[in-house]
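I have placed the structure first, in the form of structure tokens, so that the comments after it can refer back to it.
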2 protein chains.
Amino acid sequence: MSLRYALIALLTGRPMTGYDISKSFSRSVAHVWHAPDSQIYPELNRMERDGLLASVEVPWGKRATKKEYHVTDAGLADFRAWMESPLVPQRPRDPAYLKAAYFEFADPAAVREQLREQQEYWEEHLAMLERTRATLVDRSHPTLAARIAELTERDAELAVRFKIYAYDGLIARARTELAWIEDGLALVEELHGS
Amino acid sequence: MSLRYALIALLTGRPMTGYDISKSFSRSVAHVWHAPDSQIYPELNRMERDGLLASVEVPWGKRATKKEYHVTDAGLADFRAWMESPLVPQRPRDPAYLKAAYFEFADPAAVREQLREQQEYWEEHLAMLERTRATLVDRSHPTLAARIAELTERDAELAVRFKIYAYDGLIARARTELAWIEDGLALVEELHGS
DNA sequence: ACACCCATGTAATGGGTTACATGATTGC
DNA sequence: GCAATCATGTAACCCATTACATGGGTGT
């Protein structure tokens, strides 16, 4: 259900085509809610059918057109209602922790290997989050820049600060994962020697 | 796919019925991989069909019987193979972060309310994790105790240490969430006043 | 002419959630 | 006798993943 709201959230910034959305996604909302094209296009259609979005055909090249979606009043109302509805805690479901709890079943070398891969992934992910955060702070992030262009300085301040806040959470989480992975490497060293 | 491995992991400790599993789940593996009964029973059947588990009928009361599952050699081999296979990073999909990034669309009072609810949830969750961790350290955790009863002290040590390691990760994560939530409350205070 | 991007999906499958359904046993 | 617990699921639905499919536009 959250995909809907991720899409509305993105479209409140500016009207976009499905293609724009699938591209912006990877650079903004996807950091909190990933979705592939094959899920985005059908969902946009359903949302239009449900009256949350409306679209206008805009020309593309000489003969072709593309559909530009914008959020309707009903869509915005729905989004606000969701924003204010209580948040149901997510069920834990994380293969990394499941594996870690049973590392004694794996070869120590394989464990080390996996931990290093995880470390590499989280380091890159963290770097990406920090780069993105910087573009929020200086307001150069394209999706954010388009969003705040229409807003008063007061409203822009709110929009920017909350986005930075979300990234701060993601960054803290990435650092926590990295610290845990390092502890894992130390633990394997202690238990199985070098 | 990980549900399979969560089930095998649990059954390597001792043979169990579906009912035992669904109960143990809530006190152990469910902290890393939640699953409801309605998913567990059919999955056990499929796993038996696939040769990963085998079952024996044990009497229950005068006339009834129950099925006790144990892991087959093929099941254990499959589990080890999974344990050593590379871990694919999870796609981010967290409604809490999605909402936080767009808090400017919600009423400040509603935001505060949600943050407080989240805070309460995570505090309870953290306390539960810490209690569970303590029962791993003193080896009084029933699922763990049954598991290590058959093992040499060396193997028991490995099993215990890795389980503690997994819980340390969960605890660190819970603390990180709590710190982020507190920052959120402070931010709302700053931006919207008291 | 060709590569690469823009644009928009469908189909099959799998996994998870929610609600419902049923009956036996044990302990008081 | 009755409640709580033990035991085992089915059905409908939704959401997500993976693989595939297709065609126009732009720049060299």
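Per chain, numbering begins at 1; letters A, B, ... match sequence-line order.
Using a 4.0 Å heavy-atom cutoff across all strands shown, K62(B) reaches sugar-phosphate atoms only and no base atom. Contact annotation for N45(B): backbone-only contact, meaning every heavy-atom pair under 4.0 Å involves sugar-phosphate atoms and none involves a base. In this structure, K67(B) reaches the sugar-phosphate backbone alone: every heavy-atom distance under 4.0 Å involves primed, P, OP1 or OP2 atoms, never a base.
What separates CD of E57(B) from C1' of dA7(D) is a distance of 12 Å, to the nearest Å. The distance from atom OH of Y41(A) to atom P of dT8(C) is 5 Å, rounded to the nearest whole Å. Nucleotide dC6(C) holds its C1' atom 16 Å from the CE atom of M16(A), rounded to whole Å. A straight line from NZ of K23(B) to C1' of dT5(D) spans 9 Å, rounded to a whole angstrom. Straight-line distance from the CG atom of L7(A) to the P atom of dC15(D): 12 Å, rounded to whole Å. Atoms OH (Y19(A)) and C1' (dA7(C)) sit 8 Å apart, rounded to a whole Å. Distance, I40(A) CD1 to dC15(D) C1': 14 Å, rounded to whole Å. One can place CG of D37(A) at 13 Å from P of dT17(D), the figure rounded to the nearest angstrom.
At a cut-off of 3.5 Å, with distance as the only test, no side-chain donor of T17(A) or E68(A) sits close to an acceptor on the other residue. There is no side-chain donor-acceptor pair under 3.5 Å between Y19(A) and D37(A). Inspection of the S2(A) and R93(B) side chains reveals no N or O donor paired with an N or O acceptor under 3.5 Å.
Counting only heavy atoms from C-beta on, P42(B) has its side chain closest to dT10(D) among dT10(D), dG9(D), dC5(C).
Considering CG of L53(B) and CG of L76(B), their distance stands at 11.0 Å, rounded to 0.5 Å. Note that CZ of R46(B) and CG of L3(B) are 8.5 Å apart. Values are rounded to the nearest 0.5 Å.
Follow the hydrophobic side-chain contacts under 4.5 Å out from I21(A) and you never reach V58(A); the two are in separate clusters.
In this structure, Q114(B) and M83(A) approach most closely via the heavy-atom pair NE2-O, 2.5 Å.
Mapping W60(A) and R46(A) onto DNA chain D via the closest heavy atom, the residue that lands nearer the 5' end is R46(A).
Where the helix from dA1(C)-dT28(D) to dC28(C)-dG1(D) starts and where it ends, the local axes point in directions that differ by 10°; five pairs per end, rounded to 10°.
A sub-4.0 Å separation between OP1 or OP2 of dT25(C) and a side-chain N or O of R63(B) is present.
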Can you check each nucleotide of nucleotides 11-18 of chain C against protein heavy atoms at under 4.0 Å and return B for base, S for sugar-phosphate only, - for none, in 5' to 3' order? ----SSBB
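Residues satisfying the salt bridge (Lys or Arg N to Asp or Glu O under 4.0 Å) test with R175(B), not counting sequence neighbours, are E130(B).
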Show, in sequence, the C-alpha distance, side-chain angles and deciding distance for R4(A) and E43(A), and conclude whether the salt bridge (charged side-chain N to carboxylate O under 4.0 Å, His left out) test is met. CA-CA 7 Å; R4(A) 300 210 140 187; E43(A) 185 62 25; 2.7 Å; yes
